[in-house]
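Written below as structure tokens is the structure these notes are about.
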Amino acid sequence: MNVQAKFSRRTVLAAAAATLAFAAGGVQAQEVIKIGYSGPLSGGAALYGKNVLSGMEMAAAEINAKPLSIGGKNYKVEIVALDDKYNPAETGINVQRLVQQHKTAAVLVPHSGGIFAVQGMNEKANMLLLAYTSLPQVTERGNKLTIRIPPDFTGYIAPFTKAMMSKHGKNVAMVQADHDYAKAWSAAFKPAWEAAGGKVVAENPMSYNKATDFYSGVSRAMQSKPDVLFIGGASEPTALVAKQARELGFKGGFIILDQAKIDEMAKVVGGLGPLEGSIGVMPLANDERPEAVAFTQRYRKLNPGKDPSTEISLNYSAVHATVAAMKLANTTTDATAIRAQMEKAFTTLPPAYNPNDIDGLDSKGGTIANTILGTVEGGKIKGQFLRALNAGK
């Protein structure tokens with residue numbers, strides 16, 4: 001009887017051990033796809049950087065909620081995030097760490113200075129660079145492993161110019177940020193404004209990421225009596241520039257670079273009233289397209305009291321497309337093969353994962369989408385499709 005009891009006990013223990021070993025083996029069999037992120041998580045652009053990361057992490061959570069098999073192996077997705085404080089030098093260091101230590105086949109960088117820094121090494125490292133900037137130069141430089149996530153910003157300039165001149169006047173003061181992205185915007189905007197018959201009455205770029213008081217810079221620009229202020233950088237400091245302009249008596253309109261978001265600015269300045277007469281990119285929460293509405297509802301459920309921004313949704317889509325491209329390429333490590341499938345990945349992205357209506361990629365690796373512009377009129381945000389505006393409709 002004792003022998004039998006001992007035998008039974010050993011059998012139970014052996015079975016339990018086998019079960020644990022099988023479970024452990026099952027866990028070990030699920031490998032990890034690491035997608036890197038290097039962007040501002042502290043400093044003046046922290047809200048912007050955290051929004052980008054929020055979209056990436058939302059996509060990863062959705063992907064991980066379902067079985068993911070690539071090349072006969074089971075995977076989960078992990079976003080590895082490092083803070084670069086909006087400093088391109090820090091970006092380069094972070095990306096080297098992401099590639100060498102974490103073996104990331106793809107890294108997302110949300111600012112042009114950092115993107116340019118990474119483009120010096122990503123091809124050699126066989127790393128796919130997911131570039132969140134609407135600056136066209138990032139894909140015009142011929143880097144074969146770069147995907148530009150937002151559409152080219154130069155498409156905004158003509159409709160912005162036409163709208164502001166017709167409603168407010170031809171004198172513009174440029175008080176945008178002084179980082180690389182804002183410099184590129186300025187270089188394209190100024191000749192276009194002048195070619196349309198306008199006059200640049202002041203140029204006073206400011207360090208949005210290092211300052212919180214823009215009174216002196218805005219005051220100097222106001223002395224030129226502008227009809228329009230050209231502003232933009234991250235949302236919070238851009239809002240402060242607009243707020244201080246109103247406090248100084250400015251009655252005209254704001255041209256807002258696409259990095260800043262009207263809805264986020266409104267929270268800083270106390271509503272849409274101070275932003276009356278502005279033009280920028282339509283906030284996603286105000287976009288009435290079905291996929292945008294559904295995405296906004298899902299995001300609000302996960303983040304009570306918070307609306308999704310365009311950078312949240314676009315980078316959400318970018319992660320979904322990257323993993324879809326890995327499935328199509330049957331590899332999680334070969335960046336060249338993954339890049340070759342990104343066009344198909346974007347064009348076949350399910351509508352639920354594509355709230356910004358991305359059609360695909362152009363020949364150089366930039367996304368194509370029917371972006372909606374937003375204007376603040378009568379205390380409300382009104383939208384117009386960019387394609388229709390550029391077509392003169």
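Both backbone and side-chain heavy atoms feed into the values below; hydrogens, waters and symmetry mates do not.
Proximity of Ile63 to Val319: side-chain heavy atoms (C-beta onward) are separated by under 4.5 Å at one or more points. A 4.5 Å side-chain heavy-atom check between Leu145 and Thr336 finds at least one atom pair inside the cut-off.
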Considering only distance and modelled atom types, tabulate donor-acceptor pairs under 3.5 Å from the side chains of residues 127-135, sequence neighbours left out.
| residue | atom | partner | partner atom | Å |
| --- | --- | --- | --- | --- |
| Thr133 | OG1 | Leu135 | N | 3.2 |
| Ser134 | OG | Tyr181 | OH | 2.4 |
| Ser134 | OG | Asp258 | OD2 | 2.7 |

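Between the side chains of Thr146 and Asn143, a donor-acceptor pair is found at a separation under 3.5 Å. Using modelled atom types, one finds a donor on one side chain and an acceptor on the other under 3.5 Å when comparing Ser54 with Tyr299. Residues Tyr215 and Glu247 have side chains that never bring a donor and an acceptor to within less than 3.5 angstrom of each other.
Distance alone, capped at 3.5 Å, is enough to place a donor-acceptor pair between the Lys261 side chain and the Gln259 backbone. Side chain of Asn64 to backbone of Val77: a donor-acceptor contact under 3.5 angstrom is found.
Asp84 meets the side-chain hydrogen bond (donor to acceptor under 3.5 Å, both in side chains) test with Ser38, Thr91, His111; sequence neighbours excluded. With sequence neighbours left out, the side-chain hydrogen bond (donor to acceptor under 3.5 Å, both in side chains) criterion links Thr332 to no other residue. Considering only residues two or more places apart in sequence or on other chains, His179 meets the ring pair (Phe, Tyr, Trp, His ring centres under 6.0 Å) condition with Tyr86. Taking Pro274 as the reference, Arg246, Val269 meet the side-chain contact (heavy atoms from CB on, under 4.5 Å) condition, with sequence neighbours excluded. Scored by the side-chain hydrogen bond (donor to acceptor under 3.5 Å, both in side chains) test, Asp152 finds Thr154 as partners (sequence neighbours excluded).
Of the residues listed (Ile147, Asn354, Asp359, Ile368), the one engaging Phe346 in a side-chain contact (heavy atoms from CB on, under 4.5 Å) is Ile147, and it is the only one.
For Lys327, the NZ atom sits in a loose shell: 12 or fewer heavy atoms of surrounding residues, nucleotides or ligands are nearer than 6.0 Å. For Lys267, the NZ atom sits in a packed shell: over 12 heavy atoms of surrounding residues, nucleotides or ligands are nearer than 6.0 Å. The environment of Lys34 atom NZ is dense: over 12 non-hydrogen atoms of other residues, nucleotides or ligands sit within 6.0 angstrom. Atom NZ of Lys380 is surrounded by 12 or fewer heavy atoms from other residues, nucleotides or ligands within 6.0 Å. Around atom CD of Gln384, no more than 12 heavy atoms belonging to other residues, nucleotides or ligands sit under 6.0 Å away.
Below 30°, between 30° and 60°, or above 60°: for Tyr156 and Phe160 the angle between ring planes is below 30°, a parallel geometry.
Between Lys73 and Glu31 a salt bridge is recorded (basic side-chain N to carboxylate O distance below 4.0 Å).
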